[in-house]
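Read the structure below first, then the notes.
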Amino acid sequence: MTSMNIPATQNHEWGFWGTMAEHAAVAWPIASKAIHDATDADRHAVRAFLDSRYGRHFADGVNNQMHGGASLTDAIAKTAAEWMGWRITRRMSRETGIPAGLPYLTGLVMNEAITAEFQED
């Protein structure tokens, strides 16, 4: 995924972009690539995730890593790895329909892509 094909945010106020504030413009393509590489999701699914409330939580993880001394790139990589290490629980599966056991990041990216697709119709 190159910078040429990374869709721009559609949510400048909230989600990942809003939470990353002054780091947003630099962080967006790095996070987009990291999430794509981790989940193999298409670019529009990654944008839907980053623009969602879960994108905001992902940004919180990145900011926490940066406050701990990590560079922006390392903070994004560490947060992506952490989210890939977590699994969708049975409870969350019942609440969202995301299959239990999937990596958390993969499940949420897929879920937000589906939600965005339904909102477009």
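Heavy-atom basis, side chains included; hydrogens, waters and symmetry copies ignored. Counting begins at 1 with the first residue of the sequence.
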Closest non-hydrogen atom pair between Ser32 and Ile6, with its separation
OG-CG2, 3.5 Å
Determine whether a donor-acceptor pair (N or O, by modelled atom type, separation under 3.5 Å) exists between the side chain of Arg43 and the backbone of Asn5.
yes
Give, for atom OG1 of Thr96 and atom CG of Asn111, the distance between the pair rounded to the nearest 0.5 Å.
5.5 Å
Sidechain-backbone polar pair: Ser52 side chain, Phe49 backbone, donor-acceptor under 3.5 Å:
yes
How many angstroms lie between atom OG1 of Thr19 and atom CG of Asp60, to the nearest 0.5 angstrom?
5.5 Å
For residues Trp14 and Val62: do they belong to one hydrophobic cluster (side chain heavy atoms under 4.5 Å, members Ile, Leu, Val, Met, Phe, Trp, Tyr)?
no
Any sub-3.5 Å donor-acceptor pair from Arg91's side-chain atoms to Ile88's backbone N or O?
no
Restricting to non-hydrogen atoms, name the atom on Ala75 and the atom on Ala70 that form the minimum distance, rounded to 0.1 Å.
N-CB, 4.0 Å
Answer yes or no: is there an ion pair linking Lys78 with Glu82, defined by an N-O contact shorter than 4.0 Å?
no
Residues Thr9, Asp51; criterion side chain to side chain donor-acceptor pair (under 3.5 Å); working and verdict
CA-CA 6 Å; Thr9 184; Asp51 279 347; 2.4 Å; yes
Find the distance between OG1 (Thr39) and OH (Tyr104) and round it off to the nearest 0.5 Å.
15.0 Å
Contact summary for Ile76 and Ala27, nearest pair of heavy atoms
CD1-O, 3.8 Å
State, to 0.1 Å, how close Ala116 and Ala48 come at their nearest heavy-atom pair, and which atoms those are.
CB-CB, 3.8 Å
Any side-chain heavy-atom pair of Met20 and Asn63 under 4.5 Å
yes
Going from OH on Tyr54 to CH2 on Trp83, what distance comes out if it is rounded to the nearest 0.5 angstrom?
8.5 Å
Would the distance check show the side chain of Trp28 and the main-chain N or O of Leu50 forming a donor-acceptor pair, the cut-off being under 3.5 Å?
no
Taking every non-hydrogen atom, the tightest pair across Ala31 and Phe16:
CB-CZ, 3.6 Å
Heavy-atom side-chain contact between His23 and Met66 under 4.5 Å
yes
Side chain of Thr106, backbone of Leu102: donor and acceptor closer than 3.5 Å?
no
Would you find more than 12 non-hydrogen atoms of other residues, nucleotides or ligands less than 6.0 Å from Glu13 atom CD?
no
Any salt bridge between Asp37 and Lys33, counting N to O under 4.0 Å?
yes
If every non-hydrogen atom of Met84 is compared with every non-hydrogen atom of Arg87, which pair is closest and at what distance?
O-NH1, 2.8 Å
Hey, what do you get for CD (Glu95) to CZ (Arg90), rounding to the nearest 0.5 Å?
13.0 Å
